[in-house]
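The structure appears right after this line, and notes come after that.
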Amino acid sequence: MKQLQVRGINPFPYRFAVSAMAADLQKKYADLKNGEVTKDTVSVAGRIMAHRNSGMFVDLRDTTGKIQIFSHKQSLPADVLEQMKHYDIGDIIGVTGIVRRTPAGELTINAEKVEMLGKSVRPLPEKYHGIHDTEIKYRQRYLDLIMNEESRETFRKRSAIIAVIRQVLTAESFMEVETPMLHPIPGGASAKPFVTHHNALDMKLFLRIAPELYLKRLIIGGFDRVFEINRCFRNEGISVKHNPEFTSVEIYQAYADYNDMMALTERLVETAAKAVNGGQTKVKFGENEIDFKAPWPRKTMVELVKEATKVDFSKIADAAEAAKKAGELGVHVKDGANWGEVVEAIFAEKVEDTLIQPVHIIDLPKDISPLAKVHRTDAQLTERFETYVNGWEVANAFSELNDPFDQLARFKAQMEAREKGNEEAQMLDEDFVEALEYGMPPTGGLGIGIDRLVMLLTNSQSIRDVIAFPTLRHTAK
RNA sequence: GAUUCCGUAGCUCAGCGGUAGAGCAUCUGACUUUUAAUCAGAGGGUCGUGGGUUCAAAUCCCACCGGGAUCACCA
């Protein structure tokens, strides 16, 4: 800094005219032979990642890749050469010069003009090992991104996956909408909400746990195909699969049912997998290879539980009897659990972890699906499915319940569960029921957890690796 | 929330009762077609914080702070 100021150089200037990106140059001059010099002058800008021979060779990295800079007394005035000596690893500079390939085979720009564009006054982490400390990775993501190509690639893929989802939906005439993040009644899912307060209205508000009930109001309003990609907030534990704020895409399609939603799930996920995986549907995740090629099998929850435990719960209608059977299978269920909760608990305990390849788990119990339509052939089930990959729930969808009387009854059942101490039971949203009373078309609804999808498609073992700034405890530095 | 592991220089790590260490980075110099450049030298530390045990603590014990993993809740 002092060296620059002594020379009257602004370490933080305003602009630099970039004419070329590193990756484009590497591609354009791929056939340039070793030792060959072009007549092409280019201007590049980026961060100094390494320097050799007292700054004669500099590795410059921009957002696309790396290019070598060569500074020599033959092409640079003595004062600029002297100034180059004081540039540090981490500094952001702009360079103008002739493109050539060195005899050693490195594409290089012979600097004729060099400008400081943004001084780094702190040293960059060690170049070879990069950042390993997970706390630094998450708290100072910018350092992780500067140092680790793997992290840069993960976030590029995240962006590409979301872009593809948007493209597919838009191409199928879905309209992207925005619904409130601040809800007077948290609805659309079973979860503990974050609570806040609006001063002017002197009103309690909740950060949304799901956009579902508002998106359905838009369906009632006549927008037949809507989707929203945005954050949900749930005041629950943090783990490798859970962050308090996470991103979902929720999609609603009028006149469709859950079968249509299964096909849509497959189109979206398969397309996303190909988009970030060189057109391939097979993706490596940890020890496993997952093949996203559609179509995916469909299995009912009850039939998978039967396969795993030899017990057919469709034949045990009584909740108490089902709970007793669960106990015999070594599965703990809450006191007073209803039939659906028992089946779900056994499924979670005995089946979930085995579902590595994509599979739709269909026909979930009515007891645990208060917003889904009753199954057309079985009154204790709903037309709901959850798609599992790698043992994780990745999508959740149903033929949406559009009968206001049934919806009110389901809400009331939830309220009773809440009074019995189930904190995550859903709240009665009378305004939503009123909206249903104006008539909602038969509708298929689908939600996909974007973070988990990105994890699966980038071989990331923690959700914190796919969220740029994951939630961490505050620390006074 | 419970259990468990971890926290030493800007970064990656070693040291694990007896004078605080290495590599990279930084600074000085040499070299001037290198690419984890090389060579010589220099500076850089409240060993997460606070207590305790001990003649002596980075090292052993306790509490707290921060992080990871597993479990519970959940997507």
Side-chain angles (χ1 to χ4, degrees), chain A residues 1-3 34-35 48-60 66-74 81 85-91 100-108 110 120-140 143-144 146-148 188-193 209-210 231-250 332 334 344-345 348-349 352 368 386-389 391-396 422-424 447-453 455 461-465 470 472-477:
Chain A
M1 274 293 271
K2 272 184 193 154
Q3 291 282 355
N34 290 4
I48 298 177
M49 296 308 292
H51 55 194
R52 297 175 286 278
N53 293 46
S54 306
M56 184 163 70
F57 294 98
V58 162
D59 283 344
L60 194 73
K66 188 195 100 172
I67 186 121
Q68 181 170 264
I69 306 299
F70 178 75
S71 319
H72 198 268
K73 53 190 170 197
Q74 286 170 359
L81 204 60
K85 283 192 175 176
H86 300 293
Y87 286 3
D88 295 322
I89 290 176
D91 290 350
R100 71 174 171 110
R101 190 175 293 282
T102 64
E106 190 73 36
L107 192 69
T108 299
N110 274 5
S120 168
V121 295
R122 288 181 190 260
L124 240 42
E126 199 250 0
K127 63 185 166 191
Y128 190 60
H129 297 92
I131 293 275
H132 276 190
D133 187 315
T134 47
E135 191 166 356
I136 298 177
K137 271 173 82 86
Y138 302 148
R139 280 195 201 284
Q140 296 175 275
L143 288 179
D144 176 43
I146 290 169
M147 299 311 299
N148 300 328
S190 303
K192 287 181 214 122
I209 55 175
R231 231 67 63 78
C232 295
F233 305 86
R234 297 191 185 174
N235 204 341
E236 283 158 359
I238 293 176
S239 80
V240 286
K241 286 192 298 179
H242 301 88
N243 196 64
E245 53 178 307
F246 64 99
T247 301
S248 71
V249 55
E250 281 208 10
H332 174 77
K334 289 178 291 189
E344 183 186 36
E349 187 77 23
E352 233 174 56
I368 57 166
E386 292 183 330
T387 304
Y388 278 79
V389 183
W392 307 342
E393 183 193 333
V394 166
N396 179 21
N422 182 353
E423 276 183 83
E424 296 186 352
I448 297 175
I450 298 282
D451 308 285
R452 288 185 183 177
L453 180 61
M455 285 173 73
Q461 302 302 314
S462 170
I463 197 167
R464 296 180 200 90
D465 293 331
L472 295 177
R473 204 171 249 119
H474 176 262
T475 178
K477 263 202 168 179

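Residue numbering restarts at 1 for every chain, and letters A, B, ... go by the order of the sequence lines.
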remark   = note: K241(A), atom NZ; rU70(B), atom C1'; distance rounded to Å ~ 13 Å
d(CG, D91(A); C1', rA25(B)) in whole Å = 13 Å
ask   = If the C1' atom of rA58(B) is compared with that of rG15(B), how far apart are they to the nearest Å?
value = 9 Å
task = Determine whether M49(A) and I146(A) make a side-chain contact, defined as any pair of heavy atoms from C-beta on separated by less than 4.5 Å.
result = yes
task = Choose from rU35(B), rA69(B), rU34(B) the nucleotide whose nearest atom is closest to any side-chain atom of V240(A).
result = rA69(B)
key: Beyond-backbone contact of K241(A) with W392(A), side-chain heavy atoms, under 4.5 angstrom   = yes
key: Spacing of M49(A) atom CE relative to rU34(B) atom P, expressed in whole Å   = 22 Å
ask   = So what's rU49(B) paired with, Watson-Crick or G-U wobble, going by both distances under 3.5 Å?
value = rA63(B)
task = Map P244(A) and A50(A) onto RNA chain B by nearest heavy atom, then report which one ends up closer to the 5' terminus.
result = A50(A)
query = Quick one: which of rU34(B), rU35(B), rA69(B) gets closest to the side chain of S462(A)?
reply = rA69(B)
ask   = Please give, in whole Å, the distance from rA25(B) P to I146(A) CD1?
value = 17 Å
key: Closest to side chain of L472(A), choosing from rG68(B), rC11(B), rU33(B)   = rG68(B)
ask   = If you measure from the C1' atom in rG43(B) to the same atom in rC61(B), how many Å do you get, rounded?
value = 37 Å
key: Listed nucleotide nearest any side-chain atom of D88(A), set rU32(B), rU26(B), rU35(B)   = rU26(B)
note = By nearest-heavy-atom nucleotide on RNA chain B, the more 5' of K192(A) and A104(A) is A104(A)
key: Pairing nucleotide - rG43(B), Watson-Crick or G-U, each distance under 3.5 Å   = none
task = Please report, rounded to the nearest Å, how far the C1' atom of rU32(B) is from the CG atom of N110(A).
result = 14 Å
inquiry  = rU34(B), OP1 or OP2 - any side-chain N/O from R52(A) closer than 4.0 Å?
reply    = no
task = Report the nucleotide, chosen from rA25(B), rU35(B), rG67(B), that has the shortest atom-to-atom distance to any side-chain atom of T134(A).
result = rG67(B)
Heavy-atom side-chain proximity of E126(A) to H132(A) below 4.5 angstrom = no
query = Quick one: which of rG10(B), rU12(B), rU33(B) gets closest to the side chain of P123(A)?
reply = rG10(B)
inquiry  = Rounded to whole Å, how long is the line connecting atom CG of D133(A) with atom C1' of rC11(B)?
reply    = 10 Å
ask   = Do L81(A) and S71(A) have side chains that get closer than 4.5 Å, going by heavy atoms?
value = yes
query = K73(A) NZ to rU32(B) P: how many Å, rounded?
reply = 8 Å
message = Side chain of F57(A), heavy atoms from C-beta onward: which of rU33(B), rU12(B), rU35(B) has the nearest atom to it?
response = rU33(B)
message = Applying the Watson-Crick and G-U wobble criteria at under 3.5 Å, what pairs with rC24(B)? Answer none if nothing qualifies.
response = rG10(B)
ask   = Can you tell me if the side-chain N/O atoms of R464(A) get under 4.0 Å from OP1 or OP2 in rA69(B)?
value = yes
query = In whole angstroms, how far is the P atom of rU28(B) from the NE2 atom of H86(A)?
reply = 6 Å
inquiry  = Once you measure the plane-to-plane angle for H72(A) and F70(A), does it fall in the parallel (<30°), tilted (30-60°) or perpendicular (>60°) bin?
reply    = parallel
ask   = Counting side-chain heavy atoms from CB outward, which of rA36(B), rU33(B), rC13(B) is closest to Y128(A)?
value = rA36(B)
query = To the side chain of E106(A), which of rU12(B), rU33(B), rU34(B) is closest?
reply = rU34(B)
inquiry  = Which nucleotide, if any, forms a Watson-Crick or G-U wobble pair with rU35(B), using both distances under 3.5 Å?
reply    = none
message = Under 3.5 Å for both donor-acceptor distances, Watson-Crick or wobble: does rA58(B) have a partner, and if so which one?
response = none
inquiry  = Under 3.5 Å for both donor-acceptor distances, Watson-Crick or wobble: does rA2(B) have a partner, and if so which one?
reply    = rU70(B)
request  = Just compare rC13(B), rU33(B), rG68(B) and give me whichever is closest to any side-chain atom of H132(A).
outcome  = rC13(B)
key: Student check: side-chain heavy atoms of K137(A) and N148(A) closer than 4.5 Å   = yes
inquiry  = If we count only N and O atoms by modelled type, under 3.5 Å, do the side chains of Y388(A) and E386(A) hold a donor and an acceptor together?
reply    = yes
